Amino acid sequence: AGRDGFAIRRAPNGASSIHIYGADDKGTMNGMYAFLENNTDLIWARPDLPQRKYGGGTVYTSLTNGFSAVWGENVIDIPDSESRGWYNFDARQWASCNRCNLFNGGGGGEISYYNYGKSEYGVFYQRFLSGQLFHWFMCDVPTNSPSGWYATDADGHRLKGWANPCISSRKMYEHYRDNVVKALRAAPNETLKLSDNLGDTWQNCRCGLCTKPIRLKDGRVLTPLDATYYSTRYYRFMGLLADDVARLVPGKRIVTLAYLQSLPPPACEISPNLDAEFAPYPRRDDLRPLYAPENRMFMDCLQGWVDRIGTRRLEVY
C-alpha cells in the first residue's frame, strides 16, 4: 500500500493461469507492462506521436501463436521512489508504459491544460504550473516600476537582463502571493502542488534589503559572502509564501527548486508546507555520478536536504 508496485503469481496446483495485481490500479498496470516486457522483446522505445518525427515508437517482433511466459513466478516489485517521471507534455501513455506516474510539462510554462486526462495513466499527484515562474506572477507589474519590485543594483538602478525580483520588498511579496493564490484557486480540484521557482540566472537583487545581513534564531549572522546566504533569503521568501498558501488555500502545497543559488539547504527553518525539487545543475561533469569527486558538492547538498526535510518532501529534477 502507498506504492504503485505489483505482484505476479502463477495459480496454485499446476493451473496455467497467471495473476497480476497491485495495491491500486496503477500497480496492476505496471505489473502488466513489466510482464509484457519480460516475456517478449517488446520495448516502448519512444513516444510515437504523429506531430513529432521521433520514429521508433514501440519496437517488437510480431507473434502469430502467442508467447511463453518464462518470467513471473512469485514476483513482488515495490518501487523505492513514490513518484517517477520524465518532463513531457503529451506522451503520457508512453511514459505510463515505462511505469512513470508523474506527468509534468517541460522546463517552463503554464501546463494546467495538460492536467486533463492524466489520471487514467496513473498519476501520483497533480502539479499545477511549472518552470521558472518568478516573473510569471509579476506579469501585471509595469516594467518601468520603481525599486521594490524588480532587481536593482546597490544604487537602485534596475539590473539589465533576466534577474530574480526583489524578494525583500513587502509590497512585492503581497502582490506575488495574491497572484499565486489566484492561480491555485483556479487550478483543477485534484491539484496538490504548485510549482514556483527562481529563474535560470545567478542575478539577484542587490538593493540594501536584499543584501542586508541575516540574523538567525541561534544568533548567527549571514552575509552575502556566506555559502547559504542567498539560499536562506530565498527559502525565507518561499516559506512565507507556503505558510500563506496553507492558510488561504488549504490542502495545497508549494514545491520549489533547490537550484543554482538555492541549491544548498538554507540556514533558516523550512516551512512544513514547502517541498524542494533538487536540481543538480550545472555540474562540473554531468557524465559522472553525483558521488564522483568532482561532483561531490552536489551529493553533499542532496544529503543535506534529506537530513532537513526527509525523502517524502524531496523531489529530484
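These numbers come from a predicted model, not from an experiment.
At a threshold of 4.0 Å, the pair Arg313-Glu277 does not count as salt-bridged, since none of the basic side-chain nitrogens sits closer than that to a carboxylate oxygen. With respect to Asp243 and Arg177, no salt bridge is recorded, no charged nitrogen being found less than 4.0 Å from a carboxylate O. Using a cut-off of 4.0 Å between Lys/Arg side-chain N and Asp/Glu carboxylate O, Arg9 and Glu73 are scored as not salt-bridged.
The minimum heavy-atom distance between Ala34 and Trp71, with the atom names listed, is O-CZ3, 3.7 Å. Closest approach of Ser231 to Ser262, counting heavy atoms only: OG-O, 3.8 Å.
Without hydrogens or angle criteria, Asn164 side chain to Leu198 main chain gives no donor-acceptor distance under 3.5 Å. Of the possible donor and acceptor atoms, none in the side chain of Thr40 sits under 3.5 Å from a partner among the backbone N and O of Glu37. Counting only distance, with no hydrogens or angles, the side chain of Asn101 and the backbone of Phe124 share no donor-acceptor pair below 3.5 Å. Under the 3.5 Å distance criterion, the side-chain polar atoms of Ser271 are matched with a main-chain donor or acceptor of Asn273. Within the 3.5 Å criterion, the main-chain N or O of Phe137 finds a donor-acceptor partner in the side chain of Asn179. The backbone N or O of Asp196 lies less than 3.5 Å from a partner atom in the side chain of Thr256, making a donor-acceptor pair. A side-chain donor-acceptor contact under 3.5 Å links Thr201 to the backbone of Gln203. A donor-acceptor pair is defined here as one N or O able to donate and one able to accept, closer than 3.5 Å; such a pair exists between the side chain of Asp153 and the backbone of Asp155.
With sequence neighbours excluded, the residues that form a side-chain hydrogen bond (donor to acceptor under 3.5 Å, both in side chains) with Asp300 are Arg296. Under the ring-ring contact (aromatic ring centres under 6.0 Å, His included) criterion, Phe237 pairs with Phe134, Tyr173, Tyr176, sequence neighbours left out.
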Which donor-acceptor pairs under 3.5 Å do the side chains of residues 17-25 make with protein atoms, sequence neighbours left out?
from: Asp24; atom 1: OD1; to: Lys26; atom 2: N; distance (Å): 3.3
from: Asp24; atom 1: OD1; to: Gly27; atom 2: N; distance (Å): 2.8

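Side-chain contact check for Met238 versus Ile254: some heavy-atom pair is nearer than 4.5 Å.
Counted within 6.0 Å of OH on Tyr291, heavy atoms from surrounding residues, nucleotides or ligands total 12 or fewer; the atom is thus considered open.
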Q: Decide side chain to side chain donor-acceptor pair (under 3.5 Å) for Ser168 and Arg233; before the verdict, give the C-alpha distance in whole Å, the side-chain angles of both, and the deciding distance to 0.1 Å.
A: CA-CA 8 Å; Ser168 299; Arg233 187 165 294 286; 3.2 Å; yes
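Because its NZ or CZ atom is both nearer than 6.0 Å to the ring centre of Tyr150 and within 45° of the ring axis, Arg158 counts as a cation-pi partner of that residue.
Under the 6.0 Å cut-off for aromatic ring centres, Tyr317 and Trp86 do not qualify, their centroids lying 6.0 Å or more apart.
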